[in-house]
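Have a look at the structure below, then the notes.
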Amino acid sequence: MAVALKSSGFLHLNNPRNRVFLPRTPSQLQTSSSYSSSVKRFSPMAALTTAPTVGLSETFTRLKEQGKVAFIPYITAGDPDLSTTAQALKVLDSCGSDIIELGVPYSDPLADGPVIQAAATRSLARGTNFDGIISMLKEVVPQLSCPIALFSYYNPILKRGTEKFMSTIKDVGVHGLVVPDVPLEETEILRKEAAKKSIELVLLTTPTTPTERMKAIVEAAEGFVYLVSSVGVTGTRESVSGRVEDLLREIKEATTKPVAVGFGISKPEHAKQVARWGADGVIIGSAIVKLLGEAKSPEEGLKELENFVKSLKSALV
Amino acid sequence: MACGSFNYSFFANSVGKEMCEKRKTGNIAKVATCSLAVQGNTSTTAKPVVEVPADQNSTFINLGRSSTKRRFETHRCQETIEEIIGNGKFGRFGGKFVPETLITCLNMLEAEFRSVLHDVQFQAELATALRDYVGRETPLYYAQRLTEHYKSKSCSGEGPEIYLKREDLNHGGAHKMNNAIAQAMIARRMGRTRVVAATGAGQHGVATAAACAKLSLECTVFMGTKDIEKQSSNVLLMKLLGAQVKSVAGNFKDATSEAFRNWVNDLETSYYLTGTVVGPHPCPSMVREFQSVIGKETRKQALEKWGGEPDVLVACVGSGSNALGLFHEFIDDEDVRLIGVEGAGIGLDSGHHSATLTRGEVGVYHGAMSYLLQDHEGQIVGPHSIGVGLEYPGVSPELSFLKDSGRAEFHTATDQEALDAYRLLCRLEGIFPALEACHALAFLDKLCPTLRSGTKVVVNCSGRGDKDAAIVFNSKLT
């Protein structure tokens with residue numbers, strides 16, 4: 001279940017000294033103090049030149065040439081803390097992720113199930129903020145070989161100003177953006193500002209989307225088309241719906257753009273099945289977030305992450 | 001407005017068209033005052049119709065006893081219905097900012113809404129339910145002692161006449177039932193078996209649970225743990241009415257988010273019964289339409305009582321359903337002043353308040369662009385008010401538009417002022433209003449000294465205050 005964020009006195013959220021302590025085991029308490037509010041301790045190091053990673057579409061093009069399916073993990077920034085996120089990004093990259101989705105934690109994540117909700121709550125309680133995430137990315141992105149796509153709800157983007165948001169993320173080398181609560185008809189401004197900065201705005205289509213609408217969505221999508229596998233919020237599921245196969249076929253009749261399937265995929269078997277059905281990419285979120293969030297310590301979490309990701313990746317080979 | 005028989009092609013009447021055009025500002029539908037003055041031979045109803053003299057600018061329909069009966073009968077003007085539904089935008093506010101998964105469902109809901117607006121039988125059933133089940137029409141009550149109280153306090157001895165629109169007398173104890181019964185009927189019409197709702201003070205939860213019991217629908221209500229504690233009598237009622245009450249850590253905003261998620265996971269069989277005028281299109285327009293009965297009745301009753309319109313309308317504003325319900329009818333009547341009163345909590349500068357329109361900034365929340373209480377990161381701020389039903393960080397996109405266009409003004413009242421207003425109304429009129437409505441009543445302290453005798457003020461008494469008796473009783477006196 002989602003952990004309640006203390007709703008009064010929002011000012012304290014961004015003051016790391018006032019972070020809310022969530023129940024933890026003694027070993028976690030010890031470690032947590034050394035990973036406390038990486039917002040303050042995180043100091044950017046040298047070499048700010050952006051590594052020449054290619055964008056999302058280009059990544060898919062290259063993979064297709066090699067007959068490979070993209071492995072796209074999702075993690076929430078700042079859970080358990082930003083320095084672990086930085087490490088996790090490197091682990092994900094070195095284990096062969098093709099694109100990494102990084103979630104910006106939000107107080108009211110409507111499209112997310114309990115796992116990612118809880119991750120957002122923990123992250124915000126830690127004092128994670130957008131500037132902290134950007135500082136972290138500034139340092140880490142040059143060390144990665146795969147592109148990053150940010151996942152953010154609309155209000156934080158609006159608050160910052162869409163144009164400013166796009167410049168800021170472009171400057172740290174982010175290639176793509178997913179905004180889950182803006183449907184096609186409301187994307188005009190986002191698309192315009194994203195295009196100006198060559199940020200690929202990924203759009204989502206779902207099992208409830210009628211064919212004509214799906215066509216309009218895939219036409220406008222950039223980077224890749226995100227096919228939501230099930231009617232519902234994010235979260236692991238026992239199996240992937242058989243409908244995905246039909247949906248993939250329909251989408252591929254409408255476009256040559258790459259299609260990645262997400263929501264509910266949590267096991268190597270799921271990934272393999274979705275790949276067999278013709279997906280160009282597989283997105284795994286909650287399963288990874290859960291692993292990191294529930295680990296006894298960040299180090300253990302990173303270790304488990306590595307093992308899990310390797311097992312998922314091998315299913316796609 | 002010309003008289004004479006005319007067919008229901010509204011634009012055949014050019015004066016009518018002009019009035020319709022006037023109403024297109026911000027896409028706000030002002031259907032009631034666009035109403036046709038109908039002659040007997042075009043009407044398909046048995047109700048009395050009224051001829052409107054050509055020189056009279058405002059139009060109205062004598063709705064008879066059942067003032068909730070729709071004035072559109074069989075040949076309802078297509079244009080007018082479309083104006084009611086609108087496109088979900090009120091200037092820059094509104095919209096459908098939801099995950100793609102919900103879009104088709106929302107489009108279906110809009111289609112169903114359109115269908116019921118055309119459906120004479122549905123309208124007749126709704127009118128019957130509003131009359132016989134909800135107990136409408138609610139009285140427009142002259143609060144004599146309250147009026148005298150303010151007159152005696154003023155130096156000049158002047159002061160307005162204060163009327164209370166008694167939504168507290170509705171079944172369920174608040175205006176919420178006007179909308180809950182209509183939407184529950186829509187849910188059943190759509191073949192849904194399960195209704196999902198979120199509630200703050202519990203009034204919408206009770207109304208939804210009651211309507212579902214009446215219509216034999218399963219009901220699940222999400223409520224914040226903090227609210228469950230404060231409004232426990234409503235929780236008991238919901239359970240007795242057969243609803244499953246699910247607690248969510250936090251308060252109304254968290255309950256709403258969870259209800260949304262629950263709905264998204266079960267779109268085939270569930271109907272999300274929105275309780276207020278927020279959310280993605282068509283929800284704000286639907287709720288406003290069903291609550292607009294408050295304003296329509298008020299117009300009729302004002303005419304009966306003093307042969308004119310109200311001068312000032314005052315309503316508390318949480319998300320805006322009771323306020324819009326009262327205001328909507330009068331939006332185009334520029335002489336009618338519209339005042340919304342939000343919760344200032346323990347003080348606007350304390351950070352613990354619910355004054356979204358007064359202190360918020362424009363953002364996107366729960367599906368709509370509107371004013372919003374948010375921090376500098378765009379994270380949503382949890383609001384506070386002693387009136388639990390006012391605790392919502394967002395607000396109606398339509399009210400946001402009325403604020404920006406200057407048509408409506410918004411003020412605040414603190415927790416203490418609301419508590420004082422509760423006690424005052426108890427002692428002066430023997431009426432115990434809900435703490436939410438007390439915010440509107442509290443504003444009379446500031447409003448009345450500025451108004452001359454003869455001014456007609458209507459305050460929406462949006463709910464009854466049994467649920468708050470313990471809180472008020474145990475509170476400190478100023």
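Contacts of residues 101-112 of chain B with chain A at a heavy-atom distance below 4.5 Å involve T101(B), I103(B), T104(B), listed in sequence order.
Two residues are said to be in side-chain contact when any heavy atoms from C-beta on lie closer than 4.5 Å; T414(B) and H353(B) fail this criterion. Between Y153(A) and V179(A), the closest side-chain pair of non-hydrogen atoms is not below 4.5 Å. For the pair S400(B)/S370(B), a side-chain contact is recorded, criterion being any heavy-atom separation below 4.5 Å from C-beta on. Looking at heavy atoms from C-beta onward, Y106(A) lies out of side-chain contact with T76(A) at the 4.5 angstrom threshold.
With ring centers used as reference points, F97(B) lies 6.0 Å or more from Y365(B).
Sorted by first and then second residue, the side chain to side chain donor-acceptor pair (under 3.5 Å) pairs involving residues 217-227 of chain A (not counting sequence neighbours) form an empty list.
Residue F130(A) touches chain B through both its backbone and its side chain, counting heavy-atom pairs closer than 4.5 Å. For P210(A), the parts sitting under 4.5 Å from any heavy atom of chain B are the backbone and the side chain alike. For chain A, the nearby part of E361(B) is the side chain; its heavy atoms alone come within less than 4.5 Å. Of the two parts of L110(A), the backbone and the side chain both hold a non-hydrogen atom closer than 4.5 Å to a non-hydrogen atom of chain B. With a threshold of 4.5 angstrom between heavy atoms, P109(A) approaches chain B through its backbone and through its side chain. If you measure heavy-atom distances from I217(A) to chain B, the contacts under 4.5 Å come from the side chain alone.
In terms of non-hydrogen atom pairs under 4.5 Å with chain B, the most contact-rich of V231(A), T205(A), N155(A), D131(A) is N155(A). When each of K96(B), E100(B), H366(B) is checked for heavy-atom pairs under 4.5 Å with chain A, E100(B) comes out on top. Your options are P183(A), A111(A), P207(A), and the one with the most heavy-atom pairs under 4.5 Å with chain B is P183(A).
A cation-pi arrangement is absent between K253(B) and Y392(B) under the rule of less than 6.0 angstrom and at most 45 degrees off the ring axis.
Residues that satisfy the side-chain hydrogen bond (donor to acceptor under 3.5 Å, both in side chains) test with T256(B), not counting sequence neighbours, are absent from this structure. Take S266(A) and apply the side-chain contact (heavy atoms from CB on, under 4.5 Å) test, not counting sequence neighbours, and it matches T236(A), H270(A), A287(A).
Aromatic ring orientation, W263(B) versus Y272(B): parallel (interplanar angle below 30°, classes split at 30° and 60°).
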